[in-house]
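See structure below.
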Amino acid sequence: MNNNNLIDWPTFIGALVILLGVTIPLIFFPEAGAEVINAANDFMTGNFGVLFIVMGLLSLIFLLFVAFSKQGKIKLGSRETKKEFGTFSWAAMLFSAGIGSSILYWGMIEWAYYYQGPPFGVAPESDQAIELASTYGIFHWGPIAWAIYTLPALPIAYFYYVRKKPVLKISEAVRPVLGKYVDGPLGVIIDVLFIFGLMGGAGTTLALGTPMITEGVHDLTGLPVNLVTQAGIMLLCTAIFAVSSYSGLQRGIKVLSDINLWLVLFLLAFIFLVGPTVFISETMITSVGVLLDDFFRMATWLEPLANISGFKDTGFPEAWTVFYWAWWLVYAPFVGLFVARISRGRTIREMIIGTMLYGSVGCLLFFGILGNYGLYLQLTGSFDVISFMNEFGAPATIIAILNQLPISTFIVAIFTILAIIFLATTFDSASYILAAVAQKSIKGGDPIRWHRLFWAFTLCLMPLVLMFIGDLQTLQTASIVSGFPIIFIMFLLAWSFIKASSADLKASREYRTPTIYITHHKPDETEPKNNKK
Ligand code: NM2
């Protein structure tokens with residue numbers, strides 16, 4: 001087959017049309033564009049915020065239910081299949097796929113926003129606000145967030161290892177529910193929505209990461225911080241991940257992930273040991289307690305009275321929890337594909353519990369160490385983070401906090417390099433997966449090279465535009481708007497998994513054993529006869 005025949009043109013063109021349809025008007029009418037974006041944001045979060053919140057909580061409940069039901073005992077593979085990766089590298093890969101440079105950004109500074117604008121009617125900068133400030137970050141990067149990531153992995157891993165059908169498209173993963181409709185426009189729409197979602201999420205990531213990296217570079221070299229340098233740095237980062245994506249999974253993506261892991265461990269250990277070790281440990285443990293105590297309140301808080309005039313409207317749920325669930329959501333099908341790929345030989349229960357546990361603990365370490373260091377500076381008065389942030393903005397504050405550490409030039413350099421690699425490792429795998437989804441089949445194990453490169457550069461188009469017109473709210477909107485349709489896809493994915501696995505379990509004789517091996521399944525009537533590999 002000629003290379004170009006491998007491209008799934010309807011999906012490819014569909015995704016491109018939506019992308020250009022959003023970005024071109026923004027380039028020509030930035031002010032009107034920003035207004036429309038803000039209106040879209042208010043409309044979405046105001047009216048559909050509740051859907052995002054319910055989707056988050058239901059994902060967690062659903063996964064716990066699956067993990068401890070018969071389905072949880074199903075092994076992803078046959079009886080002889082060994083675990084493809086040891087638990088440590090599995091957890092490390094999982095983490096570096098799902099987490100990008102944003103954890104450096106928000107891990108350092110998220111508490112400062114909560115400290116000034118806490119939820120639940122708590123007084124800003126009060127003792128209670130301090131407690132919530134060090135807790136809310138680990139909630140937004142905790143079990144619900146990771147449940148959103150894990151859900152799409154279920155049907156994908158199931159079809160891949162149990163039914164042994166290589167599924168690299170989200171549309172294929174919902175075939176048990178949608179049947180032959182997957183082969184028509186509905187299938188294309190699902191894949192296009194997934195691509196568009198990921199572009200929105202990546203837009204938020206890149207547009208947050210770039211100013212932070214630029215501040216780091218400015219601190220180290222004196223290069224001015226303006227839109228031109230920011231755009232230059234964004235293009236440079238894009239070039240790095242394009243090269244990495246071009247060289248493929250084994251070389252590019254793996255080498256960068258390994259370097260990343262060691263640098264991150266060093267940075268966290270350094271700040272923990274050189275910084276206020278006791279304060280950091282105590283605050284981290286205390287915040288876990290507060291999280292457990294307030295968990296359901298946080299998971300459902302929508303501030304309903306704000307809709308009634310005369311009552312206080314903090315805007316907190318919309319600006320934070322809804323935004324976060326949307327942001328995790330747009331990345332979820334992509335991370336699901338990745339988690340599925342590395343989970344061969346595990347049981348479904350191991351996959352679910354492992355992802356939620358290691359993912360949440362990993363995020364806890366980042367927020368606990370980076371965030372509480374800044375909080376300590378603020379509370380002791382040795383550096384007024386809040387005033388600095390209100391004057392110079394978050395990216396400059398992040399670098400200023402790091403500058404309070406000993407050997408700060410070295411630390412800022414490590415931090416900046418880390419942020420670049422973190423961005424690259426998220427984006428090279430994202431462009432790889434986008435290329436895979438917009439192809440009919442994968443020849444020789446990898447999507448076509450020019451195609452991977454194409455998506456690498458396309459991914460930076462939206463953030464580039466957003467950065468020029470945007471404040472934080474505009475960037476958040478990219479995830480919220482593009483995440484909305486994925487709520488429904490999540491529902492289909494969950495349904496699809498339950499439908500397929502229940503049918504197979506019924507046919508299986510080894511119902512009561514501790515681990516269940518599905519050895520055969522009844523093909524759905526809708527499965528294509530000539531299923532392409
Ligand atoms: N999430 C984890 O920007 C990044 O770090 C990628 C962001 C969804 C908030 C993922």
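These numbers come from a predicted model, not from an experiment. Residue numbers start at 1 and run along the sequence shown. Order of appearance sets the numbers: ligands from 1, and atoms from 1 within every ligand.
- Here the side chain of E303 pairs a donor or acceptor atom with the backbone of T314 at under 3.5 angstrom.
- Closest of all the heavy-atom pairs between F62 and L151 is CD2-CD1, 3.7 Å.
- Scanning for side chain to side chain contact (heavy atoms under 4.5 Å, CB included) contacts around L227 gives Q230, F468, with sequence neighbours left out.
- Residue A299 comes nearest to I144 through the heavy atom pair CB-CD1, 3.7 Å, listed as atom of the first residue, atom of the second, then distance.
- Note: W141 and W328 have perpendicular aromatic rings, judged against thresholds of 30 and 60 degrees for the angle between ring planes.
- When all heavy atoms of L19 and L461 are compared, the closest pair comes out as CD2-CD2, 4.0 Å.
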I'd like a table of the close N/O pairs between ligand 1 and the protein (anything under 3.5 Å), one pair per line with both atom names and the distance.
residue  : atom  : partner : partner atom : Å
ligand 1 : 3 (O) : S102    : OG           : 2.3
ligand 1 : 3 (O) : T205    : OG1          : 2.6
ligand 1 : 5 (O) : G100    : N            : 2.6
ligand 1 : 5 (O) : G100    : O            : 3.3
ligand 1 : 5 (O) : S102    : N            : 3.2
ligand 1 : 5 (O) : S102    : OG           : 3.1

